Amino acid sequence: MPREEIKAKLKDIFSSVRTKKIDIEINEDSELAEDLYLDSLEQVEMLFEIENKFSISISDDEAREFKKVKDIIDIIQVKTSSQERAN
Amino acid sequence: MGNSTDIRKKRVVITGMAAITPYGIGIDTLWENLVNGRSGIRQLSGFDAYDFPIKIGGQLPSLNFEEYLNDINIRKIDPCAVLGLVTAGMVIKNAGLDLREQKNISVILGSAFGSCTSQEEGYSRFFLKGWRKGPPLTIPKGMFNNLASMVSIYYKLTGRHHVIASACASGSAAVGQAYQMIKFGTEKCVLTGGVDTPLIPSVFAAWTLLRVLSRNPNPQTACRPFDKNRDGLVISEGSAMLLLEELESAKERKAKIYGEIIGYGARSDAFHIAQPNFQGETLAIKKALEDANLNPEDIDYINAHGTSTILNDKMETKAIKEIFKEHSYKIPVSSNKSMLGHSMGASGAIETIATVLTIRNGIIPPTVNYEVSDPECDLDYVPNSSRQQSTKIALSNSFAFGGNNSVLVLKEYEGD
């Protein structure tokens, strides 16, 4: 899946899990907490939504490495491409 | 040397009030409908998928809460907390509090069902789809203290915060706890009241199975406290909050004072989990009068618990007669629930506000649908029409499952 497509989907997920209403531009270097104002609970819900929307599974160890948007895009690309190969 | 038991008791005044009821938003709306004897009960919407034999309740009208909470996504918050956040904002505004200067405010709220919507959603997804399908935030959204915690967090109130769960007396018990905290000097300012959103399918089903809901299909006439043909309660949702302050602190900031709380009595039936008992209710009324240092003859009006169940209304009448003896026939007793239904943990707080307004306006709201007298309920229930009558001191009764009895004594504020 192209990175831009993943990023667009992530933007919707970030908006849907964030309690505060704020409109933020995202780029691959945006930090989840600092730049996107996602608190720890919102990040838990974000993981849940990512797993559902992309039909992948993210382990706790993998989740702990997520700091920036690009970290998430990287892992989604890896996991969705391995799924595509398996199909 | 001072006596350690000589606690200097503070006077506790009400400096803010707000309510969201089946009538809509605000205490003016609440009062205008109550004094005109209008019912807030309606056909339930959103329950079409279920074959419940009962289809009425005190549902809130369609309200746009986003107008009040425009900086947050309210779909992320449990409906009980949303209702609490909006009401808290209204009471803070009504009390003229400047939260930039005053943050040391406690939040003591009552609820019988708390975040039941989030719990229902969590359990239904668990049973229908399996544990992996979430929702992932059921714990923080569904925990019972969510209501008071969200109010504390959103408005940055740094006093203590708790949710009091005393079933249908929760709102009254919260006000009582808040009153005692100020009276005994541990807090100066407490935001208190009750919020409940029990009109969700799983809770409504459970109440239906308990066989205590009225089977009368007519929304206007189903709830008929103290009437011989009463056949059960009508469930509602709602929210009401008051700001309680220590008198000196209220005067210092030149707050408008709506009334004073001068007594609180909470006693247990120690008898049965659901069946009311007049002896525990009697103890609570007695305790409240003692706390207020009053004689039974000093009471001008009783805002009844008056649920419209056969047993509650009979037991409440018996308890009043036990305490007030012959004077009980001279005291007007009326039930706001005859018009609003039973908003569970919110009802005690709504009725506290209604009682304050009764005292301030010199008008007693009626008990509507009172048509046939019951020999076991033979007091003056202010039937069907409101009554102009000066009231200086009143009781507000709340009696709940578990044998929780909570009685507040409210008084006109007369200054020093």
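All values reported here derive from a predicted model rather than from experimental measurement. In the text below, chain A, chain B and the rest are named by the order of the sequence lines, each starting its count at 1.
Of the two parts of B:Ile74, neither the backbone nor the side chain holds a non-hydrogen atom closer than 4.5 Å to a non-hydrogen atom of chain A.
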No hydrogens needed, just list the donor-acceptor pairs between chain A and chain B under 3.5 Å.
unit_1  : atom_1 : unit_2   : atom_2 : d
A:Ser16 : O      : B:Lys76  : NZ     : 3.2
A:Thr19 : O      : B:Asn73  : N      : 2.6
A:Lys21 : N      : B:Asp71  : O      : 2.8
A:Glu45 : OE1    : B:Lys76  : NZ     : 2.6
A:Glu45 : OE2    : B:Lys76  : NZ     : 3.0
A:Asn52 : OD1    : B:Lys133 : NZ     : 3.3

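By the 6.0 Å contact criterion, CD1 on B:Ile139 is open, its count of non-hydrogen atoms from other residues, nucleotides or ligands being 12 or less.
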